[in-house]
Amino acid sequence: MAEQGKQFGPEYVRAISPYVAGKPIAEVAREFGLDEAKIVKLASNENPLGMPESARTAMAAAIGELGRYPDANGFELKAALSARYDVPADWLTLGNGSNDILEIAAHALVKPGESIVYAEYSFAVYALATQEVGARAIEVKARDYGHDLHAMAAAIAPDTRLVFIANPNNPTGTFLPAAEIERFLAKVPADVVVVLDEAYNEYLDAEQQYESVSWVRKYPNLLVSRTFSKAYGLAGLRVGYAVAQPALTDLLNRIRQPFNVNSMAQAAAVAALGDAAFLRKSAELNREGKAQLVAAFDRLGLQYVPSSGNFVLVRVGDDDDAGARINLALLKQGVIVRPVGNYKLPQWLRVTIGLPEENEAFIKALEAALQ
């Protein structure tokens, strides 16, 4: 018989605060007695256009094979990515969303007690992945709500094995120009792996765009992570991927779950990758929606962080319960956004850019909540 009160697992796992996702529409409808059809969800940085029709068609064609396991090596998807980025297939690792890639990297590269460097106000999964493997977190203070790469380079310790960088950053939307990133890569010791998380890369304006895969060819310790969950509209299917030299991808694939990307997801991702028209439409809608939100914030006199993603971080008050209070007021009006108190930003809300009418519904609800 087990000892009463026995604690299982290592202490560093018990110390983890589970990741809390954005509230689902159905939950908000139940909680506040609202009509699901009238609820606006701007909490999880999803593409408001949904998935492309090309992906729906590809999924329908894949249904007949669902009685069989997926292709564990993702041949078709890797072939499409290989052609897109002009890299060999063995430079690619597929993930159950890019979140999977981040965690695989931590498990493959870091031992308990070693350290991982990431920035203050950066993606919550970096801290979670660090705790999962029993590593020591080195959180570097943010500069203007974004990464201070000079300070991050200085923070790398002899036992550092991994550095996480998000560009654009979630939840703040800040952007690092290509020249800054390349200077940083040149400073990083060869035995420290840099994970460049580019989940929102497809939303960058033309003057911001750069090709990080060229750096992968130059730096064997660089791993670029991307996703189909945002601009490609496949959040519910969970498809991500990493580009790195074989010395890294070999390690990742040794511990990657063999069927981590399902058949429907692989088929949809191949189709979405080739749907340039949908991607252009998504980026254009995002630019227009961002301007719509920013104009409202300026009119209301609210501070916000200029964003390069598909969301905007806005300050809705000065007291430490401002974010939670305004968020509750929005929920009662059927508008779901993301409070970011867990990022030590209790006065702020992160708002996903939606369709024009969704943005307008949020703006009206925010005005009412602020009053």
Side-chain angles (χ1 to χ4, degrees), residues 45 81 84-87 91-95 97-110 115-127 129-130 138-140 142-143 146-153 155-156 160-204 208-231 239-249 251-252 307-309:
N45 300 344
L81 291 167
R84 168 64 60 88
Y85 296 113
D86 190 25
V87 295
W91 286 39
L92 298 164
T93 305
L94 301 183
S98 60
N99 195 105
D100 192 25
I101 295 292
L102 306 177
E103 296 191 55
I104 290 171
H107 282 274
L109 299 165
V110 187
S115 64
I116 296 177
V117 173
Y118 53 85
E120 181 185 31
Y121 309 141
S122 59
F123 189 31
V125 169
Y126 306 156
T130 300
I138 301 178
E139 183 180 273
V140 179
R143 182 182 65 191
H147 295 63
D148 183 340
L149 291 185
H150 179 75
M152 290 179 72
I156 293 173
T160 298
R161 295 293 170 261
L162 199 59
V163 178
F164 284 117
I165 297 174
N167 200 42
N169 182 51
N170 175 29
T172 63
T174 52
F175 172 73
L176 295 163
E180 286 189 32
I181 297 174
E182 189 152 25
R183 282 196 295 270
F184 175 81
L185 292 172
K187 293 178 185 176
V188 174
D191 62 344
V192 176
V193 174
V194 177
V195 175
L196 182 57
D197 179 1
E198 296 183 334
Y200 301 92
N201 173 270
E202 291 81 8
Y203 288 114
L204 294 178
Q208 295 176 313
Q209 291 175 7
Y210 59 90
E211 189 44 78
S212 52
V213 175
S214 64
W215 298 334
V216 173
R217 297 186 181 96
K218 184 176 180 181
Y219 297 100
N221 61 328
L222 174 62
L223 184 151
V224 173
S225 170
R226 290 187 179 175
T227 184
F228 285 89
S229 294
K230 309 303 180 185
V239 195
Y241 61 96
V243 186
Q245 290 193 26
L248 280 178
T249 57
L251 283 177
L252 268 58
S307 175
S308 293

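Below, all heavy atoms of this structure are taken into account, side chains as well, without hydrogens, waters or symmetry copies. Here the structure is a predicted model, which is why all the values come from computation and not from measurement.
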Peer 1: Quick check: do Pro220 and Leu248 have side-chain heavy atoms less than 4.5 Å from each other?
Peer 2: no

Peer 1: Side chains of Ile165 and Met152: does their closest heavy-atom pair fall under 4.5 Å?
Peer 2: yes

Peer 1: In Å and rounded to the nearest 0.5 Å, what is the OG to CG distance from Ser214 to Asp86?
Peer 2: 11.5 Å

Peer 1: Under a 4.5 Å cut-off applied to non-hydrogen side-chain atoms, are Val216 and Tyr85 in contact?
Peer 2: no

Peer 1: Taking C-beta and beyond as the side chain, do Phe184 and Val194 meet within less than 4.5 Å on heavy atoms?
Peer 2: yes

Peer 1: Test side chain to side chain contact (heavy atoms under 4.5 Å, CB included) on Tyr203 and Gln208; report intermediate values, then the result.
Peer 2: CA-CA 10 Å; Tyr203 288 114; Gln208 295 176 313; over 6 Å; no

Peer 1: OG of Ser229 to CG of Asn99: how many Å apart, nearest 0.5 Å?
Peer 2: 9.0 Å

Peer 1: Taking side chain as C-beta onward, heavy atoms only, is Tyr200 less than 4.5 Å from Asn170?
Peer 2: yes

Peer 1: Could you check whether any side-chain heavy atom of Thr160 comes within less than 4.5 Å of a side-chain heavy atom of Ile138, counting everything from C-beta outward?
Peer 2: yes

Peer 1: Does the Asn169 side chain pair with the main chain of Tyr121, one donor and one acceptor, at a distance under 3.5 Å?
Peer 2: yes

Peer 1: Test side chain to side chain contact (heavy atoms under 4.5 Å, CB included) on Leu149 and Arg183 and set out the steps.
Peer 2: CA-CA 9 Å; Leu149 291 185; Arg183 282 196 295 270; over 6 Å; no

Peer 1: Heavy atoms only: give me the nearest Ser225-Val195 pair and the separation to one decimal.
Peer 2: CB-CG1, 4.5 Å

Peer 1: Any chance you could measure Leu252, atom CG, to Thr93, atom OG1, to the nearest 0.5 Å?
Peer 2: 4.5 Å

Peer 1: For the residue pair Val140 and Ala155, what are the closest heavy atoms and their distance?
Peer 2: CG2-CB, 3.6 Å

Peer 1: Would you say that more than 12 heavy atoms from the other residues, nucleotides or ligands in this model lie under 6.0 Å from the NE2 of His150, or not?
Peer 2: no

Peer 1: Under 4.0 Å between a side-chain nitrogen and a carboxylate oxygen: does that hold for Arg226 and Glu211?
Peer 2: yes

Peer 1: Apply the test side chain to side chain contact (heavy atoms under 4.5 Å, CB included) to residues Asp191 and Arg161: give CA-CA distance (whole Å), side-chain angles for both, the deciding distance (0.1 Å), then the verdict.
Peer 2: CA-CA 7 Å; Asp191 62 344; Arg161 295 293 170 261; 4.2 Å; yes

Peer 1: Is there a donor-acceptor contact under 3.5 Å from the side chain of Asp148 to the main chain of Arg143?
Peer 2: no

Peer 1: Will you find, in the side chains of Asn167 and Tyr210, an N or O donor that is under 3.5 Å from an N or O acceptor?
Peer 2: yes

Peer 1: Does the pair Phe164 and Asp197 meet the rule for a side chain to side chain contact (heavy atoms under 4.5 Å, CB included), with working shown?
Peer 2: CA-CA 7 Å; Phe164 284 117; Asp197 179 1; 6.0 Å; no

Peer 1: Which atom pair, heavy atoms only, marks the closest approach of Leu222 to Leu196?
Peer 2: CD1-CB, 4.0 Å

Peer 1: What is the minimum heavy-atom distance between Ala142 and Glu120, and which atoms define it?
Peer 2: N-OE1, 2.9 Å

Peer 1: Identify the two heavy atoms, one from Ala119 and one from Glu139, that lie closest to each other, and give their separation to 0.1 Å.
Peer 2: C-CG, 4.1 Å

Peer 1: Are Val87 and Val213 packed together at the side-chain level, in the sense that at least one heavy-atom pair is separated by less than 4.5 angstrom?
Peer 2: yes

Peer 1: Can you tell if the side chain of Phe175 reaches within under 4.5 Å of the side chain of Glu180, non-hydrogen atoms only?
Peer 2: no

Peer 1: How long is the straight-line distance from NE2 of His107 back to CG of Leu162, given to the nearest 0.5 Å?
Peer 2: 11.5 Å

Peer 1: Locate the shortest heavy-atom distance separating Asn221 from Pro189; write the atom from each residue and the value.
Peer 2: ND2-O, 3.3 Å

Peer 1: Classify the angle between the aromatic ring planes of Phe228 and Tyr241 as parallel (below 30°), tilted (30 to 60°) or perpendicular (above 60°).
Peer 2: tilted

